[in-house]
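Chain letters run A, B, ... following the sequence lines, proteins first, then strands; residues in each count from 1. All of these numbers come straight from a predicted model, not from anything done at the bench.
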There are 2 protein chains.
Amino acid sequence: MSAREPGRVTIGEAARRTGVSAKMIRYYESIGLLPAPVRAESGYRTYGPSDLHTLRFVRRARDLGFSMEAIGDLLALWRDRDRSSAQVKAIALDHVAALRRRIRELEGMAGTLADLAESCCGDDRPDCPILDDLAESPRAESPRAESPPTESPPAGAARAPDR
Amino acid sequence: MSAREPGRVTIGEAARRTGVSAKMIRYYESIGLLPAPVRAESGYRTYGPSDLHTLRFVRRARDLGFSMEAIGDLLALWRDRDRSSAQVKAIALDHVAALRRRIRELEGMAGTLADLAESCCGDDRPDCPILDDLAESPRAESPRAESPPTESPPAGAARAPDR
DNA sequence: GTGGGGGTTCCCATGATGGGAAGGTCAAGG
DNA sequence: CCTTGACCTTCCCATCATGGGAACCCCCAC
C-alpha cells in the first residue's frame, strides 16, 4: 500500500475495493470512459475516493448489462447536474427493451430445443429427432413439407438478425 | 454459376443456398469444423449437395445458439451412424440449461432496471433513482423493493459471465 | 542490498462475424 | 480476341470486453 497521498490508492487496491480488475480500469481509461488519474512520481496511477466511487458506478452498470457506450452516457449524465432524469430513463428503458428482445430470442431457442430433446428418447440407439431437425433444411418454426436435400430452388434464405 | 462438375456450386452460390455467408464458410473450414472442399482447377472451392446439407445443419444449429464447439460435436454425431441418441440429447440439454441460465441473468437485469425506471419520473429535473442506484456503492443484492407481490429474491447479477 | 510483490507498457487471444485490399478467373458481349 | 464486371482467392484489420503474459521499473521490509 503505497500512495502516500492521503486517501489515494494504487490500481490494485482500487481493483480490490471496487471489483473492477486492474486490467479493466486501465482499459476503461484507454477508451476514454474514465479520465486519466493522478500519477505518483513513480508513474503509478493513484485513485482517490471519488475515483473509486466512479469505478463502482461502472461496475454496477456492467452488472446490469449496459454496454460501454451506454455507460459512458450514464457517467456523463451522472456528472451533469443539469441533466434531466428523462435522459437517464430513456437509456435505461432502451436497455430494458434490448434485454427483453434478447430474452425472447433465447427463449425461442430454449423452447425449440427443449421440445426436440423431449421427443428424443436418449438411449443407445442412433435415431434422434434432434439431429433430424437440424438436418432438415427448410428451417421453419412449423413443420413443413420437405424436399430431398438435393438442391431445390433458392427459396430465399431468411436472414435472422442473430448474434 | 461456374463449377462445371454436375451439381457442384461455388462458395457464393453455396452461401445463397444455405444462408451461411461465404466468409463464414471459409472460417468454418479454417477452424476445422468443415472439411476442405474439392477445388476446381481454378482453385475455387466447389460444394456438392451433401456439403450444402452440412452447411444448412450448421446454420440451423447456430440459429439455436449452439457454440461452434458444440456444433462440431453435433456434426460428428450426425455423421456417426453408431452414435447413441443419448449423447445428442445430453448436448442439447446442456445447451438448454445454459440458455435458461442466461435468460435468468438477463431477466434479473431487466427486472432491476425496469423497477428503477418505473420509480424514475423521467422529467426535466435531475433527480434520478436510476443514477442513485448505480452510484450506491454497497451493491445490495436485492433492492428490488416495491412490494414483494409473489416474487422471491431474483438473485441479482453477481459476477455474471455475461455478454 | 536484496527479494518479493506490484506497478508500467505492449502484444496476443478469445468467438463469431464483417469489411476491404490486391490479385486471379470466368462468362458474356462487342 | 479482348474487355468488362461479377466472382473467387488469400491476407489483414476491426469489433466487444476481458484475460494472459513478457519485459521492465518501483517500493518497502528485512
Side-chain angles (χ1 to χ4, degrees), chain A residues 1-5 8-34 36-47 55 58-72 95 98 102 105 109 159-163, chain B residues 1-5 8-34 36-47 55 58-72 95 98 102 105 157 159-163:
Chain A
M1 301 42 178
S2 43
R4 289 153 319 296
E5 309 296 333
R8 299 198 72 83
V9 299
T10 61
I11 199 170
E13 186 60 22
R16 247 165 273 130
R17 293 197 194 176
T18 62
V20 180
S21 74
K23 278 273 191 195
M24 280 302 99
I25 297 175
R26 292 195 197 97
Y27 171 68
Y28 294 156
E29 181 189 333
S30 79
I31 63 172
L33 185 75
L34 301 176
V38 173
R39 299 278 185 141
E41 279 183 30
S42 59
Y44 286 14
R45 291 170 178 81
T46 69
Y47 297 88
L55 282 170
V58 172
R59 168 73 203 280
R60 177 105 179 97
R62 288 300 298 138
D63 283 349
L64 287 174
F66 283 103
S67 68
M68 284 300 117
E69 197 190 346
I71 295 177
H95 185 46
R102 186 84 181 114
E105 287 175 10
M109 299 176 192
R159 279 285 13 126
D162 214 90
R163 271 154 294 301
Chain B
M1 298 47 172
S2 45
R4 290 152 319 292
E5 308 296 334
R8 300 198 70 83
V9 299
T10 61
I11 199 170
E13 186 60 22
R16 247 166 271 130
R17 294 196 193 177
T18 62
V20 181
S21 74
K23 278 274 190 194
M24 280 303 100
I25 297 175
R26 293 194 197 96
Y27 170 68
Y28 294 157
E29 181 188 335
S30 80
I31 61 171
L33 185 74
L34 302 176
V38 173
R39 298 279 184 141
E41 281 184 29
S42 60
Y44 286 14
R45 292 170 177 81
T46 70
Y47 297 88
L55 283 170
V58 173
R59 170 73 204 282
R60 177 105 179 95
R62 289 297 301 137
D63 284 349
L64 288 174
F66 283 104
S67 68
M68 285 300 115
E69 195 189 350
I71 295 178
H95 185 46
R102 185 91 177 100
E105 286 173 11
R159 266 294 19 128
D162 207 274
R163 320 347 123 218

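- Atom CZ of A:Arg39 is separated from atom C1' of C:dT8 by 8 Å (rounded to the nearest Å).
- Distance A:Phe66 CZ to D:dA17 C1': 17 Å, rounded to the nearest Å.
- Applying the 4.0 Å criterion to OP1 and OP2 of C:dG7, one finds that A:Thr10 has a side-chain N or O inside that range.
- Five base pairs at each end of the helix from C:dG1-D:dC30 to C:dG30-D:dC1 define two local axes, and these are offset by 30° (rounded to 10°).
- Closest to the side chain of A:Tyr27, out of D:dT18, D:dT9, C:dT17, is D:dT18.
- Of the candidate nucleotides D:dC8, D:dA17, D:dT9, D:dA17 has the atom nearest to the side chain of A:Ser67.
- Residue B:Arg26 places no side-chain N or O under 4.0 Å from the OP1 or OP2 atom of D:dC11.
- For B:Glu41 and D:dT9, the CD to C1' distance is 16 Å, given to the nearest whole Å.
- Between B:Arg45 and D:dT9 there is a side-chain polar atom (N or O) within less than 4.0 angstrom of OP1 or OP2.
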Contact pattern, 5' to 3', of nucleotides 19-25 of chain C - B, S or - by protein heavy atom under 4.0 Å: BB---BB
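- Inter-residue side-chain proximity for B:Tyr28 and B:Met68 is flagged as met; some heavy-atom pair is nearer than 4.5 Å.
- Salt-bridge check for B:Arg26 with B:Glu29: failed, with every basic side-chain N at 4.0 Å or more from each acidic carboxylate O.
- Contact of the A:Leu34 side chain with the A:Leu55 side chain is registered, since non-hydrogen atoms from C-beta on lie closer than 4.5 Å.
- Atom CD of B:Glu29 and atom P of D:dC8 are 14 Å apart (whole Å).
- Atom CZ of B:Arg8 and atom CZ of B:Arg45 lie 13.0 Å apart (nearest 0.5 Å).
- Contact record, B:Ser30 with B:Tyr27: OG-O, 2.7 Å, taken as the closest heavy-atom pair.
- For the pair B:Leu34 CG and C:dA16 P, the interatomic distance rounds to 13 Å; values are reported in whole Å.
- By the 4.5 Å heavy-atom criterion applied to side chains, B:Tyr47 and B:Thr18 are not counted as neighbours.
- To the nearest 0.5 Å, atoms NE2 (A:His95) and CZ (A:Phe66) are separated by 5.0 Å.
- Here the CZ-CE distance, from A:Arg59 to A:Met24, works out to 12.5 Å after rounding to the nearest 0.5 Å.
- An OP1 or OP2 oxygen of D:dG19 is reached within less than 4.0 angstrom by a side-chain nitrogen or oxygen of A:Ser21.
- Note: CD1 (A:Ile25) to P (D:dT18) measures 12 Å, nearest angstrom.
- Note: CD1 (B:Ile11) to C1' (D:dC8) measures 9 Å, nearest angstrom.
- The distance from atom OH of A:Tyr28 to atom C1' of D:dG19 is 12 Å, rounded to the nearest whole Å.
- Smallest separation of non-hydrogen atoms from A:Ala15 and A:Ala22: CB-N, 3.6 Å.
- A close approach under 4.0 Å does not occur between any side-chain nitrogen or oxygen of B:Arg62 and OP1 or OP2 of C:dG15.
- The distance from the CZ atom of B:Arg62 to the CD1 atom of B:Ile71 is 5.0 Å, given to the nearest 0.5 Å.
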